[in-house]
Each structure stands twice: as structure tokens, then as C-alpha cells.
Amino acid sequence: MKTIRAGLLALITFTASAQAEIAIQPVTSPGGINAWLVEESAFPFTALEIRFRGGMSIDPVEQRGVINLMTALIDDGAGDLDAESFANARDALAAKFNFDASDDNISVSARFLTEDRDEAIDLLRLALTEPRFDADAIERARGQVLSRIQSDQKDPDTIAGDLLDRMAFGTHPYGSSGMGTAQSVAALTRADLQAAFGSAMSRDNIYVAATGDINAEDLGILLDKLLGDLPATSAPAPERADWALEGGITVVDFPSPLSIVYFEQQGMKRSDPDFFTAYIINEIMGGGRFSARLMTEVREKRGLTYGIGSYLVPQNHAEILLGMFASGNDTTAEAIDLVKAEWAKMADNGISEEELAMIKTYLTGSFPLQFDGNAQIARILVDIQMDDLPLDYVQTRNAKIEAVTTDDIARVAKQLLQPENLHFMVVGQPEGLSTTP
Amino acid sequence: MLHKLIVPVVFGLWPYNAAFAQNVTTFTLENGLEAVVIEDHRAPVVTHMLWYRTGSADEPEGKSGIAHYLEHLMFKGTEAVPGGQFSATVEEQGGADNAFTNYDYTGYFQRVASDRLELMMTMEADRMRGLILSEDNIETERDVIIEERAQRVDSLPSELLSEQSRAAQYLNHRYGVPIIGWKHEIETLTRDDALEFYRTFYAPNNAVLVVAGDVDPDAVKAMAEAHYGPIAPTPDLAPRQRPSEPPQMAERRLIMADARVGEPNFTRTYLAAERNGGAQDTAAALTILAKILGGSDTSVLARALQVGDDAKAVWTNVYYEGLALDATEFSIVATPRPDVSLAELEAALDEVIATFLVDGIDQNAFERIKRQLRADEIYASDSASGLADKYGSALTSGLTVADVQAWPEVLQAVTPEDVLIAAREVLDRNQAVTGWLIQDDEIETEVSP
């Protein structure tokens with residue numbers, strides 16, 4: 001045993017972290033579309049990530065859910081290909097297209113083999129410029145969305161999240177589900193979908209990255225072919241979302257052996273100069289690791305939950321600090337008290353030098369591990385662009401983490417962590433808890 | 001120009017390109033530890049995995065959940081790396097670690113910068129035999145897995161029905177017992193249960209080491225010899241002979257009503273052949289059958305049940321995973337349209353299957369699926385940790401490295417006739433469990449005062 005211990009100590013002296021050795025090239029197509037590229041020819045395919053800022057938040061008020069339904073239909077038939085012919089053409093090329101709508105953007109993720117690149121891009125261009133919105137495809141997709149809306153009504157996570165959104169953001173689009181309601185989705189027409197398509201995807205709100213077996217020149221030509229015919233401008237973004245959620249507890253009765261708990265307060269803007277400090281504070285508090293304070297107190301020491309975590313969610317029009325866990329109905333009240341106590345403790349006392357040193361080694365060391373594969377790298381590169389960060393962010397990010405001091409943490413924790421403003425949404429039958437006035 | 005896309009492209013003329021063949025090295029230590037090294041030098045990162053050929057289906061009767069419980073307890077410390085220090089050390093190195101339990105295997109992994117591999121190996125080798133468990137740890141962690149079960153099973157009607165379905169599918173085999181364990185048995189698991197299971201199964205001759213990433217196979221071998229090499233094997237480890245299923249004599253049907261069901265759902269699971277060493281043909285045919293029947297908008301079930309004015313289903317899907325030590329399941333799931341009953345949906349589904357067995361397979365659809373399977377191999381090469389999973393799970397499920405490497409070609413060799421033969425064999429309601437998940441009374445989700 002002694003030799004193992006000696007060996008461990010010898011090895012633990014590594015401290016320098018691996019560098020993320022990715023070379024990002026900025027590319028501007030002949031037609032003026034900007035993209036970031038990482039060339040990687042080890043495997044004969046390319047991952048292309050395209051995002052359009054706006055997303056489900058630009059739904060017209062009376063058409064809640066239209067962006068979501070439209071996004072589901074983009075590749076359900078395009079040009080002279082109906083839904084089945086389009087799918088068969090895509091599958092014959094073994095290309096993968098994925099379209100997704102979130103609160104703040106629409107993403108288009110594509111992977112295609114080098115040998116079929118031109119055909120795959122022709123097909124994707126057809127979807128991005130001439131989606132058909134055929135009546136039978138609309139009804140099929142509408143049925144699936146309605147089915148999801150119905151099953152979500154008895155999903156405790158959705159119940160908790162939707163009610164928190166409503167209490168925090170009211171009538172702003174963030175205050176309701178982007179899927180829409182059974183009534184709003186039932187009322188959507190083909191004309192609504194076409195209008196949504198025309199308003200959501202344009203050249204003035206686009207962010208692009210590519211990773212894989214393609215060079216800058218070919219990517220430029222590809223982007224012009226794929227995106228050159230998009231409209232120049234899109235619908236305006238919504239107003240900023242005012243924060244209306246106050247501290248307290250809301251209990252929603254739901255028959256279950258355990259309670260699902262979401263807790264939330266206002267977060268911090270991504271552009272705030274203290275964002276990295278806030279990020280470290282949240283990692284120490286609610287990061288998904290055994291050593292995070294909430295995990296240690298609620299799971300490791302007491303066995304009250306299987307997992308607990310918290311997240312800083314800076315969105316385009318509001319900022320959230322959100323956490324969640326599930327616990328037995330008889331232990332939920334105790335777990336909530338622990339969360340509040342940890343919130344207050346860090347707000348009052350900050351963290352130790354030792355804790356800060358440990359989290360820095362973790363955060364700087366784990367950063368390069370995220371660059372795992374073409375599709376993942378392309379997604380990260382678009383994230384960086386959408387956060388308005390520079391091309392050298394991947395190289396400079398760790399230095400920003402290293403620069404944070406315990407004084408910074410103490411100062412920011414006092415402002416950021418507001419135990420009195422935390423709202424706990426509890427869905428279950430928790431013992432000894434009721435909705436606060 | 002786009003018209004050429006809907007004309008079938010030339011199939012079958014797409015030979016494997018040696019440039020993206022996976023760079024895999026294997027070796028076996030004298031104490032029986034098998035190792036697989038997958039090289040990927042694109043990034044200075046490594047995934048270190050240790051897999052044990054032991055899962056929940058290897059548990060003694062009455063001790064369900066012990067494999068998974070032990071997996072949690074493996075983080076509680078040794079003399080050299082005391083309580084909590086394992087994950088803390090991985091974190092200090094900027095890495096991530098976790099573990100998982102399945103019917104046939106239990107695995108532990110860390111993902112770190114590649115120059116930290118030796119530290120990971122030192123710690124993983126240390127806890128293969130050196131685990132220390134206190135009574136305090138035992139009780140707290142048992143509460144954690146009871147919470148885990150509550151969150152992942154007891155609060156989800158669809159999971160509860162799935163658990164009941166498996167119990168009905170496997171009358172005699174331990175695949176019928178949930179991986180996480182039955183709640184009443186988890187509650188009685190003890191420190192001695194965990195240690196006995198640990199001492200028997202956590203041994204080099206019952207383990208597979210998989211290292212994937214920016215590493216040199218010779219260096220990995222030298223490290224493995226230094227750290228795993230000195231560990232003594234468990235002598236006379238019993239072969240993994242599990243009881244087989246008796247012939248099914250009666251159709252098995254389950255109906256579960258629960259207040260928390262958002263919408264009704266239909267499931268059908270058929271007992272199906274698994275991949276076997278040197279004999280993967282039937283499993284390959286079933287893999288393609290699953291893709292023909294379900295999983296896309298152009299599949300047989302989607303076209304027959306989800307399209308048109310008379311559509312019966314909102315969703316359909318088909319699942320088959322051939323990777324298992326013993327007989328596995330071929331599953332069909334479907335959600336009815338709001339105006340369609342589960343009985344109507346089931347009748348329509350059975351008719352579609354009967355028609356499919358007579359009409360056979362669309363040649364174009366068949367070739368498209370084969371081409372996608374080839375492309376999937378290329379897309380999968382993009383993730384070294386994904387490849388590590390593939391080898392680790394296969395080698396702990398009765399397959400060899402040769403079987404894993406032959407699998408793409410076995411898939412390509414399947415003919416439409418092979419698929420139909422496999423379909424006629426497996427799609428037999430008398431070898432199946434049918435489950436209906438239905439809504440109970442309306443529940444209130446109003447905010448309580």
C-alpha cells in the first residue's frame with residue numbers, strides 16, 4: 001500500500017492543464033457569410049452547425065408554438081420532394097439533418113460524408129429555402145406536438161418548470177412554453193407556418209461553424225450555395241423580460257412517492273464583467289460533482305437525493321440561476337432548508353483559497369475535454385460566436401478563470417446569492433410544506 | 001439536378017477505406033486482465049475504462065440491486081485513496097469520472113488529459129481489491145439508491161410498466177429483475193452482501209481494460225503491467241451460465257392504470273436472439289429489421305400507422321439491442337391518436353406486421369438502411385469514448401474483438417430474405433409481452449394553499 005501512496009503523490013504533482021489545441025479559421029464566403037472552421041481530415045465527413053437567433057421567443061402573441069411547429073416541418077418535404085421522397089433522398093446519402101427550436105434560437109445541425117457533400121448540401125438548401133408545409137405533414141407534426149403537450153400536463157418536471165416561468169416572466173414569451181397550448185397549436189394555419197419560416201431564418205441573424213473534412217475555400221462556396229438565398233432580415237426580437245418571481249415556496253399537489261423541486265432566482269448576464277466569478281461560484285455550489293457543496297450536503301452526507309445541481313442560464317432577454325433535485329416526500333423540507341443554508345453560507349463567507357485553487361484546476365483542466373468530436377466542436381464554436389466572444393476565446397478562457405480571486409468571489413457571492421429571493425417550486429406531496437403567501 | 005437524388009444511387013460500390021479503420025491494439029496480462037487500446041491522436045485526451053464481466057444478472061437471488069449498490073460504494077475509498085478522494089483527485093486533474101451498471105456488466109471510467117492516464121490506472125487498480133466500507137457509508141448510500149429508484153422508476157408509470165413487462169418476459173432468467181433492484185430487497189442489502197459480491201467478481205480475470213485516446217499502446221501495456229499486473233485473480237471463477245427461458249405457452253398481457261399517465265401507450269416486447277461470438281447473423285438481421293419497421297418517418301410502421309386520415313398512431317418506434325449475454329428483447333412502442341383506442345391501435349399494428357411478413361421488404365429501403373449503417377461507422381469513429389463503450393460492452397457481453405470488428409461486414413452481408421426469416425421467427429405474439437398503459441382518474445395539479 002505504501003508504494004501506491006508514494007506513487008500517487010508523485011503523480012499528483014502534475015498541474016499544468018492540457019491545452020485545447022484546435023485551430024479556428026475565420027471564413028467569409030464570397031457572398032459575405034461569416035463562419036468559423038476547424039479543419040480535421042481524419043474522418044471523411046463534415047459537421048455543420050447553423051443557428052438563427054430569435055427562436056420560439058419571436059412567436060406572434062396569438063400564434064404561440066408556431067416557430068416550434070415550423071421547425072419540426074422544415075425537412076418534411078421541400079421543393080419538388082414530398083416528405084417521404086425527401087427523407088429517402090437524405091437517407092440514401094446517409095446524411096444527418098437535425099432541426100431544433102429553443103427559446104432563443106433555431107439550430108440546424110448537419111453531418112454529411114465528403115463523397116456526397118454536394119448532393120447533401122443541395123438537399124439541405126432545398127429544406128432551408130423551399131419547405132413545402134404540405135397539409136398531411138402539418139397534421140402529422142401537429143398531432144405529435146399536441147400529444148407531447150398532453151403528456152407534459154402530467155410530467156412533474158414540466159409542471160414545475162412551466163409554473164416557475166409563468167411566475168417569473170408573466171406574459172413575456174419566456175413566461176409560457178414555446179410548444180404552445182393545445183388551443184394555440186390547433187389554430188395554427190399553413191399561412192402562419194410560412195410566415196414564421198420567412199421571419200425566423202435570415203442572413204442577419206445567422207451564426208455558422210463547420211468542423212471536419214472541408215477547407216476554407218470549399219466551405220465559402222458551400223455556404224453561399226446553402227444560405228445565399230435566405231431573406232436578408234428577420235422578425236424583431238422581443239423586449240427584455242422583467243423579473244417578477246419573489247422568494248418563497250409553491251407546492252403543487254401531485255401523487256408521487258417523491259417531490260420534484262426546482263429552485264430559482266435571478267442570474268447574471270453573460271456580458272457582465274463578473275460572469276466568470278459567478279460561474280465559479282455556481283460550480284462550487286451546484287456543479288454536477290460529488291465535491292460541490294449541494295451534492296456533499298444533500299446527497300453524500302445525508303442521502304436525501306440521487307442528484308442535485310444548479311445552473312447559471314444567461315438567456316437573450318433574461319438571466320436565471322436555476323437548481324433542481326428530487327427527494328422523498330418526507331425529506332424534501334429538510335433538503336430545501338439545506339439549500340437555503342448553503343446559499344446563505346456562501347453569500348456571507350465566500351470560499352476558501354483551497355476551494356478556489358481546486359475548482360480552478362478542475363475548470364481549466366476539463367475545458368479541453370469538451371472538444372470531443374466534430375459535431376461537438378462545431379456546436380461550441382457557434383456558442384462562442386453567439387455569446388459575442390472573440391476568436392481567441394478558446395485560448396484565453398483559462399486565463400480568465402485563473403484571474404478570479406477569493407475577494408472577487410466574496411464580493412460577487414454577496415450580490416448573486418440571495419437566499420431570501422429563492423423560490424422553491426415543489427411538485428409532489430411533501431410533508432410539512434405549503435405554499436407561502 | 002435534384003431529381004437524381006430520388007433515383008436510387010449506385011449501391012454497394014463503397015468499399016471500406018483503410019484510412020478510417022479504427023486503430024485498435026489488444027493484449028492480455030498473465031493474471032487474465034484483457035485490454036483494448038484505441039488510438040485517436042486528434043486531441044491530448046484519454047478515456048480510461050475498467051469493465052467487470054458482472055452485472056445485475058449475476059446477482060444471487062434475494063439480493064437484487066447489489067451490483068448497482070456496489071458500484072456506488074466503489075467511490076467510498078481505500079487505504080491509499082480514502083473516502084471521497086477518488087473523484088476529488090480526478091477533479092483536481094481536470095477530469096470527469098463516473099460509473100454504470102447493466103445486466104451483464106459494471107463499468108468505471110475517467111476522462112482526463114492523456115498525461116494523467118497512469119494516475120487513473122493506479123487508482124482504479126487500487127480499488128479493484130482495496131475497497132474499505134464503513135457502516136455509516138453503507139446506510140447513507142443505501143438511502144441514495146432508494147432515492148435514485150424513486151426518481152427513475154417509482155415516480156414514472158411508464159418505467160413501472162416496463163419493469164413489470166420484463167418480469168413477465170423473463171420467467172426464469174435474471175434479466176427479469178430490474179438492474180436497480182426491487183425496492184424491498186434494496187432495503188435489506190448489507191455491507192457483507194456488498195463485500196462478498198465485490199471479493200468474488202472484482203478481479204483481473206473478470207475485467208476488461210479499455211483505453212481510448214491520445215496514447216501509445218506499448219506505453220499503456222507497460223502501465224497496465226505495473227498497476228493491474230500484480231493483482232491476484234479470483235481462482236475458479238464460475239462460468240456465467242444463467243438459467244434459460246422455458247417455452248412460452250401463453251400470451252402475456254399487462255394493463256397498468258395510473259393517475260400520472262399523460263396519455264395512453266402501447267408496448268410489445270418479443271423475446272429475441274442476441275449477438276453471439278462467431279454467430280452474429282441473426283442479430284444482424286434483427287438489427288436491420290428494427291430499422292425497416294420503425295425509427296424513422298419512412299419506416300413500415302410509420303407509413304402504415306402515422307400517415308393519412310385513418311392514421312392510428314401519433315408515434316411508433318422499434319428497438320432492438322443485440323448486445324447481451326443471453327436472449328434479449330425486440331420491442332415495438334406506439335402512442336395512439338387521441339380518438340383511437342389501444343385495442344384499435346394494436347389490431348392495426350398486428351395487421352401491418354402480418355402484411356409485412358407476406359409482402360416482404362422494399363429493396364430500395366433495404367439498401368438505404370445498409371448505406372446508413374456504413375456511414376454510421378464513420379460518424380461513430382469521431383468519438384473515441386464512444387468506441388471505448390462499444391468494445392467494453394461487447395467484451396463483457398460474450399463477444400470478442402474479432403466479433404466487434406466483423407460486425408459491420410456481418411450487417412452488410414444480410415439479405416432481405418434473412419430479415420424476413422428473422423422477422424417470422426421473432427414477431428410471434430405467443431412469444432411476447434404486450435403492455436397497455438392507460439390513464440386513471442384525472443388528477444389535480446392545482447397549487448395547494
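All values derive from a computational prediction rather than experimental measurement. Letters A, B, ... are given to chains in the order of the sequence lines, protein chains preceding strands, and every chain is numbered from 1. All heavy atoms count here, side chains included; hydrogens, waters and symmetry mates do not.
Take Asn137(B) and apply the side chain to side chain contact (heavy atoms under 4.5 Å, CB included) test, not counting sequence neighbours, and it matches Lys76(B), Ser134(B).
Residues Asn364(B) and Asn88(A) have side chains not in contact (no heavy-atom distance under 4.5 Å, counting atoms from C-beta outward). With a 4.5 Å cut-off on side-chain heavy atoms, Asp297(B) and Glu84(A) do not count as touching. Annotation: side chain of Asp136(A) is not in contact with side chain of Asp309(B) (no heavy-atom distance under 4.5 Å).
Residues Arg42(B) and Ala42(A) come closest through the heavy atom pair CD-CB, 3.8 Å. Closest non-hydrogen pair, Ser291(A) versus Glu91(B), comes out as OG-OE1, 2.6 Å. Nearest heavy atoms, Ile378(B) versus Pro44(A): CG2-CD, 3.8 Å. In plain terms, the two heavy atoms of Gly94(B) and Leu369(A) that are nearest each other are O-CD1, 3.5 Å. Looking at every heavy atom in both residues, Leu258(A) comes nearest to Ala150(B) through CD2-O, 3.7 Å. Taking both residues in full, the closest heavy atoms of Arg140(A) and Val307(B) are given as NH1-CG2, 3.9 Å, listed atom of the first, atom of the second, then distance.
Cation-pi geometry between Arg111(A) and Tyr379(B) is satisfied (NZ or CZ under 6.0 Å from the ring centre, within 45° of the ring normal).
Looking at Leu304(A), only its backbone comes within 4.5 Å of chain B, counting heavy atoms on both sides. Neither the backbone nor the side chain of Asp152(A) comes within contact range of chain B, judged by heavy atoms closer than 4.5 Å. Using a 4.5 Å cut-off between heavy atoms, Val90(B) makes no contact with chain A at all. With a 4.5 Å cut-off on non-hydrogen atoms, Ala311(B) does not touch chain A at all. With a 4.5 angstrom heavy-atom cutoff, Lys360(A) does not touch chain B via any of its atoms. With a 4.5 angstrom heavy-atom cutoff, Glu141(B) touches chain A only via side-chain atoms. For chain A, no part of Asn98(B) is nearby; none of its heavy atoms comes within less than 4.5 Å. Contact annotation for Arg303(B): only side-chain heavy atoms (C-beta onward) come within less than 4.5 Å of a heavy atom of chain A. If you measure heavy-atom distances from Ser87(B) to chain A, the contacts under 4.5 Å come from the side chain alone. Proximity to chain B is absent for every atom of Thr296(A), based on heavy atoms less than 4.5 angstrom apart. For Ser155(B), the parts lying under 4.5 angstrom from a heavy atom of chain A are both the backbone and the side chain. Looking at Glu300(A), both its backbone and its side chain come within 4.5 Å of chain B, counting heavy atoms on both sides. Looking at His72(B), the atoms closer than 4.5 Å to chain A (heavy atoms on both sides) all sit in the side chain, from C-beta outward.
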_Could you go through Gln144(A) and Trp315(B), starting from their C-alpha distance and side-chain angles, then the distance that decides it, and tell me whether this counts as side-chain contact (heavy atoms from CB on, under 4.5 Å)?_
CA-CA 7 Å; Gln144(A) 293 177 340; Trp315(B) 297 102; 3.5 Å; yes
*Apply the test side-chain contact (heavy atoms from CB on, under 4.5 Å) to residues Glu263(B) and Gln153(A): give CA-CA distance (whole Å), side-chain angles for both, the deciding distance (0.1 Å), then the verdict.*
CA-CA 10 Å; Glu263(B) 55 181 357; Gln153(A) 284 173 355; over 6 Å; no
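Arg152(B) and Tyr306(A) form a side-chain donor-acceptor contact under 3.5 Å, judged by distance and modelled atom types alone.
Salt bridge status for Glu115(A) with Arg371(B): present, with a side-chain N to carboxylate O gap under 4.0 Å. By the 4.0 Å N-to-carboxylate-O rule, Asp97(B) lies too far from Arg289(A) to be salt-bridged with it. Contact check on Glu147(B) versus Arg302(A) returns no salt bridge, with no Lys/Arg side-chain nitrogen under 4.0 Å from an Asp/Glu carboxylate oxygen. Checked for salt-bridge contact, Arg111(B) and Asp372(A) meet the test: a charged N lies under 4.0 Å from a carboxylate O.
Each of Ala47(A), Ser147(A), Gly428(A) has some count of heavy-atom pairs under 4.5 Å with chain B, and the biggest count is that of Ser147(A). Options Arg90(A), Met358(A), Lys301(A), Lys96(A) differ in how many heavy-atom pairs under 4.5 Å they form with chain B, and the most are formed by Lys96(A). For the set His41(B), Gln151(B), Glu139(B), Arg149(B), the entry with the most heavy-atom pairs within less than 4.5 Å of chain A is Gln151(B).
In the displayed structure, Arg166(A) atom CZ is contacted under 6.0 Å by at most 12 heavy atoms of other residues, nucleotides or ligands. Residue Arg148(A) places its CZ atom among 12 or fewer non-hydrogen atoms of other residues, nucleotides or ligands, all under 6.0 Å distant.
Between the side chain of Gln372(B) and the main chain of Ala92(A), no donor-acceptor pair closer than 3.5 Å is present. A distance-only check finds a donor-acceptor pair linking the side chain of Asp382(B) to the backbone of Asn374(A) [under 3.5 Å].
In this structure, Asp40(B) CG and Phe43(A) CZ are separated by 5.0 Å, a value rounded to the nearest 0.5 Å. Distance OG/Ser366(A) to CD/Gln93(B): 12.0 Å, rounded to 0.5 Å.
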